[in-house]
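Structure, as structure tokens:
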Amino acid sequence: MEPSGLPPIAGREAEILALVQRPGPVAAPGSNLRLGGLQSAFACALHMHQPTIPAGADGGLISHLQYMQEHPGEGDNHNAEPFAQCYRRLVDILPRLIAEGCNPRIMLDYSGTLLWGFEQMGRGDILEALRRLATDPALTPHVEFLGTFWGHAVAPSTPIPDLKLQLLAWQHQFAAQFGLEALGRVKGFSPPEMHLPNHPDTLFALVSALRECGYRWLLVQEHSVENPDGSPLSRQQTLLPNRLVARNAQGEEVSILALIKTQGSDTKLVGQMQPCYEALGLARQPLGGRTVPALVSQIADGENGGVMMNEFPPAFEQAHRRLAAGEGATVAVNGTEWLELLEADGVRADDYPAIQAVGQHRLWQRLGDRRGAVALAEALAVLQAEDPGFAMEGASWTNNLSWVRGYESVLEPMQQLSAAFHARFDPLVAADPAVTRSPAYQGALLHLLLLETSCFRYWGQGTWTDYAREIHRRGEALLAA
């Protein structure tokens, strides 16, 4: 934690961007896998998050995990310590499997608010476990940390200027806790709620920000993307990396590689290691005039629910022991490792199928050759008039939850605070980048990032929107000071 009590979310922008933009492989040189002889692989990720809420002593900002510990009689708050153990347990499981001759892999996604919460709570046991996973040379070939937004914001309804602030804040937090060398290996991105923007300008901004922050790929939900002709991804495509192309209203394009998460959001898929058993039945897939092993990709909450708390560890160990006893045709991998192995084998980025965000084919058809924000807005208005179900709110792990409708009471203050923050600080930072080191900048930034946390909408009206209003009030007061 910073001396001011603020989390380490800003102040080292130039140093961090120089580090993460370095070219070259970061995972394949240490990998003990080779593509030759492989038929299939699977990649599993665990998503870990607890929001920061104004519910501590005298309304202080604390982790929701701390609130759970302090109020064990409310709801399922009695799970606070089981959750805490879930956050650290891979440091026990992986060495045991490696000592048995297994070759395990896991990807880990921790929100910035959760990482800060561990510090606030004094949970050195969890932080030390994560530090080992991030830095111990005996473990780093088996573990990949994925980047995410610091405040667990959902990208489609986050103000565009704040996307890069969220990315950089998480990179600051991770570097402060685990070191720059560990941050240099973080090349995959896990979108909170698997929420991918489909508005062209928002997606273009997100992919551009990801590339600027050194990311090389991201996880996307199967139904949140489509082929350029509007058709859903084929079964074969979901077993390959794809190239997500983002085009804005001006016709500019940027792209990034994507691994496809399939089959909805059921935590049992990872909790019972379904991706492993699915991969065991798969064969190599054609790609760019060659064949490559099929890849099953999946992510789930790492702590939430009985399956993940209780069934995942033995299922994870059993699956890897089965692989170790098998013929070696199916392996566990991590995302960056897999993409770098394919690249070393001669696969180029343009060999991967091009995809786009869902609904964009209809938009491009309506837009035709016109360009610009006005033409885009007109095309969207026509499509929405023709089909009230047509939306550019993005797509996430579920199709039955809007992150926009009914949450104007959170979204409007969020937009207002963002506009006020940038009006005050953007000119100052442009004149002197060292402004990002000041407590005034970091305190206002903290409240902006927190206000964008998805939990203030996911959990519905009531206490959680009250939390958002209080964070907005404090952020406004800081900006007015």
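Nothing here was measured: the structure is a model prediction, and the numbers come from that model. Just so you know, residue 1 is the first one in the sequence shown, and it goes up from there.
Within the 4.5 Å cutoff, side-chain heavy atoms of Leu168 are placed close to those of Leu17. For the pair Val331 and Leu38, the minimum side-chain heavy-atom distance is below 4.5 Å. Between Ile106 and Phe316 the shortest side-chain heavy-atom distance falls below 4.5 Å. Side-chain contact between Met273 and Gln318 is absent, with no heavy-atom pair separated by less than 4.5 Å. Contact check for Met392 versus Pro200: side-chain heavy atoms found under the 4.5 Å cut-off. Counting heavy atoms from C-beta outward, Met308 and Leu46 have side chains that approach closer than 4.5 Å. No side-chain heavy atom of Arg12 sits under 4.5 Å from any side-chain heavy atom of Thr436. Counting heavy atoms from C-beta on, the side chains of Arg321 and Leu97 come closer than 4.5 Å.
The CG atom of Leu130 sits 8.5 Å away from atom CE of Met48, with the distance rounded to the nearest 0.5 Å. Atom CD of Gln237 is separated from atom CG of Leu287 by 10.5 Å, given to the nearest 0.5 angstrom. Met107 contributes atom CE, which lies 7.0 Å from atom CD1 of Ile299 (distance to the nearest 0.5 angstrom). Atom NE2 of His47 sits about 5.5 Å away from atom CG of Asp301, to the nearest 0.5 Å. Rounding to the nearest 0.5 Å places CG of Leu127 at 14.5 Å from CZ of Arg132. In this structure, the separation between CH2 on Trp150 and CG on Leu114 is 10.5 Å, given to the nearest 0.5 Å.
Gln285 places a side-chain N or O within donor-acceptor distance of the main-chain N or O of Ala283, the cut-off being under 3.5 Å. A donor-acceptor pair is defined here as one N or O able to donate and one able to accept, closer than 3.5 Å; no such pair exists between the side chain of Ser111 and the backbone of His49. Looking at Thr148, its side chain does come within 3.5 Å of a backbone N or O of Ser190 through a donor-acceptor pair. At distances below 3.5 Å, not a single donor-acceptor pair connects side-chain atoms of Glu253 with backbone N or O atoms of Val245. Between the side chain of Gln360 and the backbone N or O of Asn198 there is at least one donor-acceptor pair closer than 3.5 Å. Between the Gln166 side chain and the Gly151 main chain, a donor and an acceptor come within less than 3.5 Å of each other. Without hydrogens or angle criteria, Glu13 side chain to Gly11 main chain gives a donor-acceptor distance under 3.5 Å. A side-chain donor-acceptor contact under 3.5 Å links Gln120 to the backbone of Leu61. In this structure a side-chain-to-backbone donor-acceptor pair under 3.5 Å is missing from Ser31 to Ala27. The backbone N or O of Leu146 sits nowhere less than 3.5 Å from a side-chain atom of Asp109 that would complete a donor-acceptor pair.
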From CA spacing to verdict: side-chain contact (heavy atoms from CB on, under 4.5 Å), Ile53, Phe456:
CA-CA 10 Å; Ile53 56 176; Phe456 300 134; 4.2 Å; yes

Residue pair Glu340, Arg185: steps toward the salt bridge (Lys or Arg N to Asp or Glu O under 4.0 Å) verdict
CA-CA 12 Å; Glu340 290 180 359; Arg185 291 191 293 272; over 6 Å; no

Checking Glu278 against Gln298 for the side-chain hydrogen bond (donor to acceptor under 3.5 Å, both in side chains) test, could you report, in this order, the C-alpha distance in whole Å, the side-chain angles of both residues, the deciding distance, and whether it holds?
CA-CA 11 Å; Glu278 181 181 354; Gln298 194 56 255; over 6 Å; no

Under the criterion side-chain contact (heavy atoms from CB on, under 4.5 Å), I'd like the reasoning laid out for Arg216 against Leu339: C-alpha separation, chi angles, the key distance, then a yes or no.
CA-CA 9 Å; Arg216 299 174 185 174; Leu339 293 169; 6.0 Å; no

Given Leu183 and Phe178, is the side-chain contact (heavy atoms from CB on, under 4.5 Å) satisfied, shown in steps?
CA-CA 8 Å; Leu183 178 62; Phe178 309 121; over 6 Å; no

Arg89/Asp92 under salt bridge (Lys or Arg N to Asp or Glu O under 4.0 Å): CA gap, chis, key distance, verdict
CA-CA 5 Å; Arg89 65 187 176 187; Asp92 300 322; over 6 Å; no

Kindly indicate, with the supporting measurements, whether the criterion side-chain hydrogen bond (donor to acceptor under 3.5 Å, both in side chains) is fulfilled by Trp217 and Thr336.
CA-CA 8 Å; Trp217 65 274; Thr336 301; 2.8 Å; yes

Please test Tyr67 against Glu74 for side-chain hydrogen bond (donor to acceptor under 3.5 Å, both in side chains), starting from the C-alpha separation and ending with a verdict.
CA-CA 10 Å; Tyr67 183 88; Glu74 296 181 17; 3.1 Å; yes

Do Ile62 and Glu70 pass the side-chain contact (heavy atoms from CB on, under 4.5 Å) test, and can you show the C-alpha distance, the side-chain angles, and the key distance before you say yes or no?
CA-CA 11 Å; Ile62 62 169; Glu70 294 174 353; 4.3 Å; yes

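A perpendicular orientation is assigned to the rings of Phe83 and Tyr87, their planes being inclined by more than 60° (bins at 30° and 60°). Taking the six-membered ring where tryptophan is involved, the planes of Phe145 and Tyr110 are tilted, since the angle between them lies from 30° to 60°. Taking the six-membered ring for Trp and thresholds of 30 and 60 degrees, Phe42 and His320 have ring planes inclined between 30 and 60 degrees apart. Ring geometry for Phe189 against Phe149 counts as perpendicular: the plane angle is over 60°, on a 0 to 90° scale with 30° as the lower cut.
Side-chain contact of Ser454 with Glu193: a donor-acceptor pair under 3.5 Å is present, judged by distance alone.
When all heavy atoms are compared, the tightest approach of Gly101 to Ala324 is O-CB, 4.2 Å. Closest heavy-atom contact between Gly188 and Tyr215: O-CE2, 3.4 Å. Summarising the geometry of Asn103 relative to Ala332, their closest heavy-atom pair is O-CB, 4.3 Å, with the distance given to 0.1 Å. Residue Ala357 comes nearest to Leu244 through the heavy atom pair N-CD1, 4.2 Å, listed as atom of the first residue, atom of the second, then distance. The shortest non-hydrogen separation linking Ala182 to Thr135 is CB-CG2, 4.3 Å. The two residues Glu452 and Thr158 make their nearest non-hydrogen contact at OE1-CG2, 3.7 Å.
Within 6.0 Å of CZ on Arg322 lie no more than 12 heavy atoms contributed by other residues, nucleotides or ligands. By the 6.0 Å contact criterion, CZ on Arg437 is open, its count of non-hydrogen atoms from other residues, nucleotides or ligands being 12 or less. Dense packing is recorded around CD of Glu100, with more than 12 heavy atoms of other residues, nucleotides or ligands lying under 6.0 Å away.
For Arg123 and Glu81, the salt-bridge test passes: some basic side-chain N is under 4.0 Å from an acidic carboxylate O.
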